Amino acid sequence: MAISPCPDCGGRRVGAPTFAEVTPGRRVRLGTYSLRTGVTALICLECGRITHYIAELEKLRAQVEQHPEGFDH
């Protein structure tokens, strides 16, 4: 899959997998992996813009519905 150029500067972007941790009563944090939702960061090598995408959106939606207190609204 080709990654599209940066929407800000047109520079080349690369993908870097990260993970979101969802713990009831706490905010979602990136960089850990207790709930593997498949978050990918697209990083522009020119301007540094980072865009996050989630592969398992339904899994995250289910967690939000089960534990809404753990997320900022």
Side-chain angles (χ1 to χ4, degrees):
M1 174 183 113
I3 297 174
S4 62
C6 176
D8 285 345
C9 73
R12 181 175 159 225
R13 296 191 297 173
V14 295
T18 58
F19 298 94
E21 174 186 3
V22 178
T23 305
R26 295 188 178 174
R27 294 181 180 169
V28 174
R29 295 183 297 180
L30 294 175
T32 58
Y33 49 86
S34 61
L35 173 64
R36 292 181 181 257
T37 52
V39 175
T40 298
L42 296 182
I43 304 161
C44 177
L45 297 177
E46 298 297 320
C47 72
R49 177 182 175 154
I50 298 173
T51 307
H52 290 99
Y53 293 93
I54 189 163
E56 298 176 53
L57 188 54
E58 289 304 316
K59 191 173 184 179
L60 181 60
R61 283 184 183 144
Q63 287 295 314
V64 171
E65 288 178 19
Q66 289 177 4
H67 306 286
E69 72 281 358
F71 299 86
D72 291 334
H73 296 276

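No experiment lies behind these values; they were computed from the predicted model shown.
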For the residue pair [X] and [Y], what are the closest heavy atoms and their distance?
X	Y	result
Glu46	Gly11	CG-CA, 3.6 Å
Gly15	Leu42	CA-CD2, 3.8 Å
Pro5	Gly10	CB-O, 3.6 Å
Cys47	Asp8	SG-CB, 4.4 Å

Would Val14 and Leu45 count as a side-chain contact (heavy atoms from CB on, under 4.5 Å) if you check the C-alpha gap in whole Å, the side-chain angles of each, and the deciding distance to 0.1 Å?
CA-CA 7 Å; Val14 295; Leu45 297 177; 3.8 Å; yes
In terms of hydrophobic clusters joined by side-chain contacts under 4.5 Å, are Ile43 and Ile3 together?
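No.
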Val64 with Ile54, same ILVMFWY side-chain cluster at under 4.5 Å:
yes
Carefully, step by step, assess Thr51 and Arg13 under the rule side-chain contact (heavy atoms from CB on, under 4.5 Å).
CA-CA 10 Å; Thr51 307; Arg13 296 191 297 173; 3.8 Å; yes
Test salt bridge (Lys or Arg N to Asp or Glu O under 4.0 Å) applied to Glu65 - qualifying residues, sequence neighbours left out
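Checked Glu65 against salt bridge (Lys or Arg N to Asp or Glu O under 4.0 Å); zero matches.
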Arg12 atom CZ, neighbour heavy-atom count above 12 within 6.0 Å:
no
